[in-house]
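Chain letters run A, B, ... following the sequence lines, proteins first and then strands; every chain starts at 1.
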There are 2 protein chains.
Amino acid sequence: MKLDTIDKKLLELLQNDAKQTTKVLSLQLNLSKTAVYERIRKLEKEGVIKGYTALLDKKKIDKAFVVFCHVRLTQHTKEHVVGFESDVIRLEEVLECYHVSGDYDYILKVNVADMQAYRNFMTSKLTSLKHIGSTHSIFMIEEVKNTTVVEL
Amino acid sequence: MKLDTIDKKLLELLQNDAKQTTKVLSLQLNLSKTAVYERIRKLEKEGVIKGYTALLDKKKIDKAFVVFCHVRLTQHTKEHVVGFESDVIRLEEVLECYHVSGDYDYILKVNVADMQAYRNFMTSKLTSLKHIGSTHSIFMIEEVKNTTVVEL
DNA sequence: ATTGAAAGATGCCACTT
DNA sequence: AAGTGGCATCTTTCAAT
């Protein structure tokens, strides 16, 4: 789908505040509210907008502990890769998992309450998955920036 | 703020779809819509809910290239740390930046269109920041999982 | 926490550029 | 093709209980 300048502006506005009314959006875009409404509908239908979410303060929900965990597999056959990926997706503590280039195979972003919870996650969940060769944890000292907003 | 079982359920529902009406939410929580409304207001006011955002499909907005960049500073004085952090926050390509433990100081999650754009970001933006000692880039081959939804 | 009601937003329509 | 203005319906918001 081709996005014009108005679509891009609209997507930026919706990333910054998804609850703005079409009326408020229409004033910022110099369009009628129906035109804005139709554009949003189209962006949703085309899958450009995947959904809308509430962003929570991790400190206030007792999930302030973030760890990047590097994972190496024992082997890299299709069966091992597919197996690991389908298992890791189901772990609720793993918010993100990327297959990456370099010295290890995957980077996991793990989000739990504290070190104790992380230890528990590692011993009873992650390392009990099949095909894991080694792991290496990097602990977050401070979140300097964390946004979901992509500039267009 | 103390969150009860209903608050936690409500936050999970809002993380999964922030555009659900209070009526729909109230049916799932067995509450009146005004009660749901008051709870949401309180969670917003207390800062548990930081905001609402539209989630976009990175492939469809031509930002499918994700790189983890490890950064080491030349020194670790307060001045160097504060200077680097305030500079990196302003880079729109950097969606996330964490001060971490281990062999390097920061992990950056960089989101751009393609390798060419990343090369450009590195040479004209990141490496021109002061106090940077070294960088190491890890390229994403595939996004296996990426959610903002925290289980409560 | 609930009901009920006013104020406001959405979603759809016929029509215009 | 995409934009407008208005109207019916649904939601949000708030007062009273």
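- For the residue pair A:H76 and A:L73, the shortest heavy atom distance occurs at CE1-O, 4.0 Å.
- Listed by chain and number, the residues in a ring-ring contact (aromatic ring centres under 6.0 Å, His included) with B:Y106 are B:F84, B:H99 (sequence neighbours excluded).
- We find that B:E93 and B:K125 are joined by a salt bridge, their nearest charged nitrogen and carboxylate oxygen being less than 4.0 Å apart.
- The two residues A:L152 and A:E12 come nearest to each other via the heavy atoms N-OE2, 2.9 Å.
- Heavy-atom minimum distance, A:A117 versus A:D114: N-OD1, 2.9 Å.
- Residues of residues 46-57 of chain A that place a heavy atom closer than 4.0 Å to DNA chain C do not occur.
- Heavy atoms only, all atoms of each residue included: B:C69 and B:M122 are closest at SG-CE, 4.1 Å.
- Stem regions for DNA chain D, each three or more consecutive Watson-Crick or G-U pairs with both distances under 3.5 Å and listed by first number, read C:1-16 with D:2-17.
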Grab the N/O contacts between the protein and nucleotides 14-17 of chain C below 3.5 Å, and write none if there aren't any.
none

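- Listed by chain and number, the residues in a salt bridge (Lys or Arg N to Asp or Glu O under 4.0 Å) with B:D103 amount to none (sequence neighbours excluded).
- The side-chain heavy atoms of B:L3 and B:M1, taken from C-beta on, include a pair separated by under 4.5 Å.
- The distance between atom CD of A:E44 and atom C1' of C:dT10, rounded to the nearest whole Å, is 12 Å.
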Legend entry - Residues A:T74, A:K130; criterion side-chain contact (heavy atoms from CB on, under 4.5 Å); working and verdict: CA-CA 9 Å; A:T74 50; A:K130 293 193 194 312; over 6 Å; no
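- B:F68 pairs by the ring-ring contact (aromatic ring centres under 6.0 Å, His included) definition with A:Y98, not counting sequence neighbours.
- Of all non-hydrogen atoms in A:N111 and A:F65, the two that sit nearest each other are ND2-O, 3.3 Å.
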Name every donor-acceptor pair, under 3.5 Å, that has one atom in a side chain of residues 134-145 of chain A and the other anywhere in the protein, sequence neighbours excluded.
| unit_1 | atom_1 | unit_2 | atom_2 | d |
| --- | --- | --- | --- | --- |
| A:S134 | OG | A:R72 | NE | 3.4 |
| A:S137 | OG | A:Y118 | OH | 2.7 |
| A:E143 | OE1 | A:N146 | ND2 | 3.4 |
| A:K145 | NZ | B:I89 | O | 2.8 |
| A:K145 | NZ | B:L91 | O | 3.1 |
| A:K145 | NZ | B:V94 | O | 3.0 |

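- The hydrophobic cluster around A:V149 extends to none of the other residues, as no ILVMFWY side-chain heavy atom falls under 4.5 Å of it.
- Taking 90° from 0 as the syn/anti boundary, the base of D:dA1 is oriented syn.
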Using a cutoff of under 3.5 Å, can you pull out all pairs of nitrogen or oxygen atoms linking the protein to nucleotides 1-3 of chain D, with atom names and distances?
| unit_1 | atom_1 | unit_2 | atom_2 | d |
| --- | --- | --- | --- | --- |
| D:dG3 | OP1 | A:R39 | NH2 | 3.1 |

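- Taking every heavy atom of residues 9-18 of chain A and every atom of DNA chain D, no pair lies under 4.0 Å.
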Which protein N or O atoms sit under 3.5 Å from an N or O of nucleotides 9-12 of chain D?
| unit_1 | atom_1 | unit_2 | atom_2 | d |
| --- | --- | --- | --- | --- |
| D:dT12 | OP2 | B:T22 | N | 2.9 |
| D:dT12 | OP2 | B:T22 | OG1 | 2.6 |

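- Between the side chain of B:S86 and the backbone N or O of B:G83 there is at least one donor-acceptor pair closer than 3.5 Å.
- Across every non-hydrogen atom of B:I6 and B:L29, the tightest pair is O-CD2, 4.2 Å.
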Pair up each side-chain donor or acceptor in residues 49-57 of chain A with any protein partner under 3.5 Å, not counting sequence neighbours, and list the distances.
| unit_1 | atom_1 | unit_2 | atom_2 | d |
| --- | --- | --- | --- | --- |
| A:Y52 | OH | A:E44 | OE2 | 2.5 |
| A:T53 | OG1 | B:Q15 | O | 2.6 |
| A:D57 | OD1 | A:K59 | N | 3.0 |

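- The structure places CG of A:L11 at 5.0 Å from CG of A:L43, a figure rounded to the nearest 0.5 Å.
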